[in-house]
Number of protein chains: 2
Amino acid sequence: MAMFRVCTYNVNSIRSRRELLFMWLERSQVDVICLQETKVEERAFPFPDFEKIGYHCYVKGQRTYNGVAICSKLPLQDVFKDTSMDILDKESRIIGGRLGDIWLINVYFPHGDLRGTPKFTYKLAFYQQFYQFLAENFSPEDKIILLGDMNVALEDIDVYDPVLLRDTIGTMEEERSALRKILEWGFVDTFRYLYPNKVQFTWWDYIGGAVWKDQGMRIDYILVTKPLLPSVRDVYVDMWARKRRSPKPSDHAPVVCLLEL
Amino acid sequence: MAMFRVCTYNVNSIRSRRELLFMWLERSQVDVICLQETKVEERAFPFPDFEKIGYHCYVKGQRTYNGVAICSKLPLQDVFKDTSMDILDKESRIIGGRLGDIWLINVYFPHGDLRGTPKFTYKLAFYQQFYQFLAENFSPEDKIILLGDMNVALEDIDVYDPVLLRDTIGTMEEERSALRKILEWGFVDTFRYLYPNKVQFTWWDYIGGAVWKDQGMRIDYILVTKPLLPSVRDVYVDMWARKRRSPKPSDHAPVVCLLEL
DNA sequence: GTGCGTGGAG
DNA sequence: CTCCACGCAC
């Protein structure tokens with residue numbers, strides 16, 4: 001029996017977040033960190049910094065946009081960076097691997113821009129194809145941790161002002177049902193499972209200092225299949241980096257899940 | 001009798017140099033600092049930061065390029081930002097004022113790009129018109145401190161490799177004679193006057209880490225008219241900021257002159 | 001508001 | 001190499 005900390009963090013560029021990220025890693029002592037929006041090609045990823053503090057890194061990079069990575073104290077097996085599905089593989093948004101009998105799948109779902117735009121269509125198609133990817137390659141009986149920036153706030157409680165934000169990106173019914181379909185396949189939203197009524201966001205717009213008014217959304221998730229649910233001890237959003245003024249933080253905060261394995 | 005420190009500093013953007021500049025000001029305790037390449041319009045100049053530590057600021061700003069300022073512990077009189085001469089007033093390159101019976105003239109002379117280009121023509125025309133401005137408005141009997149980035153290395157001793165740099169910008173004969181003409185009007189190059197054989201640069205290219213090999217040029221000057229020469233106690237280039245790696249320094253170092261008045 | 005890439009300036 | 005402006009993404 002060992003405590004295991006797994007984390008999802010949209011860093012909004014790993015180059016500009018390097019210093020703060022490593023300060024945070026020293027504090028947080030997570031065993032696995034799943035990064036989104038690293039915004040670098042693999043050759044520019046700071047492997048040495050991670051290796052120096054004992055992480056093995058698996059990186060699917062891309063310049064300017066997107067980019068995901070898994071950094072783990074224990075090496076992963078069966079790492080995959082491609083799904084052989086056109087929409088999922090179009091950009092660097094998915095990376096996965098196995099840690100013993102547990103699958104980790106780190107996904108940066110598309111933002112979607114505005115309803116009716118090609119990006120919105122792409123977001124919904126991405127969700128649909130991701131469902132297909134799950135169904136074809138995994139079983140709800142597998143131990144899977146699916147985590148990342150889903151770019152959807154599942155319920156009204158997951159946004160700071162559901163009336164103001166009605167029908168804006170991340171809160172629309174077709175987005176919510178796309179994410180709900182993933183959950184219905186066999187995942188549990190660990191945070192909402194443990195804290196049914198807690199208002200806690202993971203992202204706050206840079207504009208207008210939204211974080212100081214706690215005007216945010218919960219769009220970053222750690223989902224687990226049912227076989228893993230008994231192991232979940234806690235889930236929390238770590239505000240330490242997000243509430244700093246310098247070095248400038250990401251607009252997201254990391255979400256950390258404690259499992260007893 | 002009081003010691004008086006006057007300084008010229010091409011900061012290469014006051015916005016990106018703010019933190020380092022104020023660290024330096026605290027150390028250096030200069031009475032007057034003349035800035036070049038502030039690269040901000042007057043409304044974006046950090047007046048409050050200077051006022052907090054007791055400086056009165058006089059600013060001729062411009063967005064993106066150029067921009068000069070004089071910040072002084074004692075208020076200036078007869079501040080001028082225009083010369084009514086077309087070439088001199090085309091960009092924000094000159095600001096002046098009077099401190100008792102001493103005139104301060106802070107100039108950012110044009111860089112000149114390459115011989116034969118319009119910018120090179122502009123540089124020579126600027127020098128020529130500046131000479132005219134001096135002749136028409138001042139006398140060599142006045143107490144004048146003319147300081148700034150002259151973008152000319154007067155002699156071979158003022159560049160790290162005169163052979164390599166022969167006929168490159170800042171070392172060409174027509175540029176040197178343009179600056180020499182200013183001196184001949186009635187100025188003394190305080191640094192060379194006190195240190196006839198000293199090799200000391202004020203600017204080092206960012207490229208190739210030139211500062212670490214001391215591959216630079218002396219292009220920033222503090223010139224004084226003869227009536228002020230007996231007051232000059234020392235002149236030195238302060239490398240403190242330039243040799244730091246962070247916050248990133250300007251490619252120039254400040255030149256400081258001590259006068260006993 | 002804060003990233004990144006580009007292109008001009010030095 | 002490091003500034004700035006611009007345009008785009010989020």
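Note on naming: letters A, B, ... go to the chains in the order of the sequence lines (proteins, then strands), and numbering restarts at 1 for each one. We use all heavy atoms of the structure for the numbers below, so side chains are in, but hydrogens, waters and symmetry mates are not.
Checked against the 6.0 Å centroid threshold, A/Y9 and A/W24 count as a close aromatic pair.
In this structure, B/R244 is positioned above the aromatic face of B/W240, its NZ or CZ under 6.0 Å from the six-membered ring centre and within 45° of the axis.
Closest of all the heavy-atom pairs between B/A253 and B/M239 is CB-SD, 4.2 Å.
With a cut-off of 3.5 Å on both pairing distances, the Watson-Crick and G-U wobble pairs of DNA chain D assemble into stems of 3 or more at C:1-10 with D:1-10.
Looking at B/D251 and B/R242, no side-chain N of the basic residue comes within less than 4.0 Å of a carboxylate O on the acidic one, giving no salt bridge.
Under the ring pair (Phe, Tyr, Trp, His ring centres under 6.0 Å) rule, A/F126 has a single partner from A/F120, A/F109, A/Y131, A/F133, which is A/F109.
Side chains of B/S13 and B/E37: no donor on one and acceptor on the other come within 3.5 Å. B/D220 and B/Y108 share no donor-acceptor pair across their side chains, judged by distance under 3.5 Å alone.
Side chains of B/V32 and B/C34 form a contact here, defined as non-hydrogen atoms less than 4.5 Å apart.
The nucleotide range of DNA chain C contacted by chain B, defined by atoms under 4.0 angstrom from heavy atoms of the protein and reported 5' to 3', is C/dA9 to C/dG10.
The neighbour count for A/E173 CD, taken as heavy atoms of other residues, nucleotides or ligands under 6.0 Å away, is above 12.
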Contact letters for nucleotides 5-10 of chain D, in which S counts primed atoms plus P, OP1 and OP2 and B counts the base, heavy atoms under 4.0 Å: SS--SS
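The OG1 atom of B/T38 sits 10.0 Å away from the CD atom of B/E42 when rounded to the nearest 0.5 Å.
With rounding to whole Å, B/L35 atom CG is found 16 Å from D/dC3 atom C1'. Distance B/Y9 OH to D/dC3 C1': 14 Å, rounded to the nearest Å.
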